[in-house]
Amino acid sequence: MKKVLSLVFIAILTLALAACGGGENENAQNEGKEKNKELVVGASAVPHAEVLEEAVPLMKEKGIDLKVQVFQDYILPNVALRDKELDANYFQTPGYLELQMKENKDFDFVSVGEVHQEPIGIYSKKYDSLKDLPEGAKIIMSDSLSDHGRILPIFEKEGVIKLKEGVGANARVEDIVENPKNLDFSTLIEAKLLASSFESGEGDAVAINTNYALEGNLNIKEDGIAFEGSDVVPANLIVVRSEDKDREEIKTLVEVLKSDEIKQFIEDKYQGAVLLAE
């Protein structure tokens, strides 16, 4: 009986030592591997986060674990970038970035690359063109002033208003010098609410950012009655803190987002609703 117990004890001891030895070997192997670097990027849900998710495996091939953090507004991604909760963000245009840095002196940011363009569109359930809008028609717009310099020129291009000469992308409602139909541009709401406002039938026309139109599942081709020209649409940027603009991981991110694989994804997925930046 003692002999049997001794054999059992030896077997257990052997297994335990083998397990310990295996753990040491595994640790030694892991120590020889270089851990992937991590990059956290904040983005709007559509199309930005979708584009970034497509880039995840491409980044992994280059030794970088890309983490995508989705935001539902345009304010918090810059706050999180300032507070170093993000390494970069991807959602804003040059005009918006400039305005935010002017209003927030602690935002020391810089763009490191342009990825895509999203033409703002004017949508209506009641009318087929801006010229069909009636006297005093209510136009609903984003409360972000940087968007007004993109929206109002659409109305001017269609001949329903005239803006002060030379205002261009800095146009504001007060720069309207001719408005024969007395269109009402006074209703301003958060950009993320524009699609639901349109679906609820509010206003005669609603100016909607393409990312929110896509997120709200709007039929862009059927519901849109006027759009920015592709020649004037600002690009959406990869933005980082100025101190990080030369980080290798950031350079790799820009390289991947400009790759043929990502370009093809954008063209196939969005069918012209999202344009490639030049």
Side-chain angles (χ1 to χ4, degrees), residues 39-56 58-59 66 68-81 86-101 107 109-121 142 144-151 153-154 169 190-192 194-195 207-216 218 220 224 227-241 244-245 250-259 261-278:
L39 198 67
V40 183
V41 181
S44 297
V46 182
H48 310 78
E50 293 178 342
V51 172
L52 288 171
E53 291 293 351
E54 189 70 14
V56 167
L58 301 176
M59 292 289 284
L66 176 60
V68 183
Q69 187 171 335
V70 178
F71 289 84
Q72 299 301 326
D73 70 356
Y74 290 160
I75 304 299
L76 293 178
N78 278 334
V79 174
L81 183 61
L86 302 174
D87 297 297
N89 65 41
Y90 170 36
F91 76 99
Q92 58 195 322
T93 59
Y96 184 79
L97 176 61
E98 181 182 355
L99 185 63
Q100 285 292 294
M101 290 181 63
F107 285 3
F109 303 153
V110 63
S111 166
V112 291
E114 301 178 346
V115 182
H116 74 269
Q117 299 169 302
E118 298 173 23
I120 285 182
S142 161
S144 174
L145 292 179
S146 62
D147 283 343
H148 296 186
R150 300 175 59 188
I151 296 166
I154 301 174
E190 281 188 79
K192 66 181 181 181
L194 290 167
I208 307 176
N209 309 64
T210 295
N211 59 310
Y212 287 122
L214 289 169
E215 195 173 333
L218 270 63
I220 291 176
F227 294 89
E228 285 180 284
S230 60
D231 57 327
V232 296
V233 182
N236 280 234
L237 311 172
I238 297 294
V239 175
V240 302
R241 293 179 295 276
D244 291 335
K245 62 183 174 64
I250 297 296
K251 291 180 179 180
T252 301
L253 175 66
V254 175
E255 176 188 318
V256 165
L257 291 179
K258 288 179 171 289
S259 68
E261 293 92 334
I262 296 299
K263 288 179 179 178
Q264 193 64 54
F265 170 77
I266 291 173
E267 289 178 343
D268 293 344
K269 173 94 174 160
Y270 303 110
Q271 298 292 306
V274 175
L275 308 174
L276 295 171
E278 294 297 329

Return the minimal non-hydrogen interatomic distance between [X] and [Y], and the atom names on each side.
{"X": "Leu218", "Y": "Ala195", "value": "CD1-CB, 3.8 Å"}
{"X": "Ile250", "Y": "Asp87", "value": "CD1-O, 3.9 Å"}
{"X": "Ala273", "Y": "Thr210", "value": "O-CG2, 3.4 Å"}
{"X": "Met101", "Y": "Phe107", "value": "CE-O, 3.4 Å"}
{"X": "Leu76", "Y": "Asp73", "value": "N-OD1, 3.3 Å"}

Inset, instruction - Using the side chain to side chain contact (heavy atoms under 4.5 Å, CB included) rule, take Gln72 and Glu215 through it: C-alpha gap first, then chi angles, then the decisive distance, then the call. - result: CA-CA 10 Å; Gln72 299 301 326; Glu215 195 173 333; 3.2 Å; yes
Inset, instruction - Flag the pair Tyr74 / Tyr212 as yes when their ring centroid distance falls below 6.0 Å, and as no otherwise. - result: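 Ring centroids of Tyr74 and Tyr212 are less than 6.0 Å from each other.
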Nearest-0.5 Å distance that lies between atom [atom1] in [X] and atom [atom2] in [Y]:
{"X": "Ser259", "Y": "Met59", "atom1": "OG", "atom2": "CE", "result": "10.5 Å"}
{"X": "Glu228", "Y": "Ile151", "atom1": "CD", "atom2": "CD1", "result": "8.0 Å"}
{"X": "Ser144", "Y": "Leu99", "atom1": "OG", "atom2": "CG", "result": "6.5 Å"}
{"X": "Lys251", "Y": "Ile238", "atom1": "NZ", "atom2": "CD1", "result": "15.5 Å"}
{"X": "Phe91", "Y": "Tyr96", "atom1": "CZ", "atom2": "OH", "result": "5.0 Å"}

Legend entry - Within 6.0 angstrom of Glu98 CD, more than 12 heavy atoms from elsewhere: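 Count not over threshold, so no.
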Hey, are the side chains of [X] and [Y] touching, using non-hydrogen atoms and a 4.5 Å cut-off?
{"X": "Val233", "Y": "Ile120", "answer": "no"}
{"X": "Arg241", "Y": "Phe109", "answer": "yes"}
{"X": "Val232", "Y": "Pro153", "answer": "no"}
{"X": "Tyr90", "Y": "Val239", "answer": "no"}
{"X": "Leu276", "Y": "Gln117", "answer": "no"}
{"X": "Leu66", "Y": "Val41", "answer": "yes"}
{"X": "Val115", "Y": "Lys258", "answer": "no"}
{"X": "Asn209", "Y": "Leu194", "answer": "yes"}

Inset, instruction - Begin with the C-alpha distance, continue with both residues' side-chain angles, and end with the deciding distance and a verdict on side chain to side chain contact (heavy atoms under 4.5 Å, CB included) for Leu257 and Leu52. - result: CA-CA 8 Å; Leu257 291 179; Leu52 288 171; 4.1 Å; yes
Between [X] and [Y] (side chain of the first, backbone of the second, donor and acceptor by atom type, cut-off under 3.5 Å), is there such a pair?
{"X": "Glu114", "Y": "Ala235", "value": "no"}
{"X": "His148", "Y": "Ser142", "value": "yes"}
{"X": "Asn211", "Y": "Leu214", "value": "no"}
{"X": "Ser44", "Y": "Val46", "value": "no"}
{"X": "Asn89", "Y": "Gly42", "value": "no"}

Inset, instruction - Run the numbers on Phe227 and Ile154 for side chain to side chain contact (heavy atoms under 4.5 Å, CB included), then give the verdict. - result: CA-CA 7 Å; Phe227 294 89; Ile154 301 174; 5.8 Å; no
Legend entry - Audit row: Leu275, His116, side chain to side chain contact (heavy atoms under 4.5 Å, CB included) steps and yes/no: CA-CA 6 Å; Leu275 308 174; His116 74 269; over 6 Å; no
Inset, instruction - Report the residues that fulfil side chain to side chain donor-acceptor pair (under 3.5 Å) with His48, sequence neighbours left out, ordered by chain and then residue number. - result: Glu118, Asn236
Inset, instruction - Check whether the side chains of Gln92 and Asn78 place a donor and an acceptor atom closer than 3.5 Å, and report yes or no. - result: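 On atom types as modelled, these side chains qualify, holding a pair under 3.5 Å.
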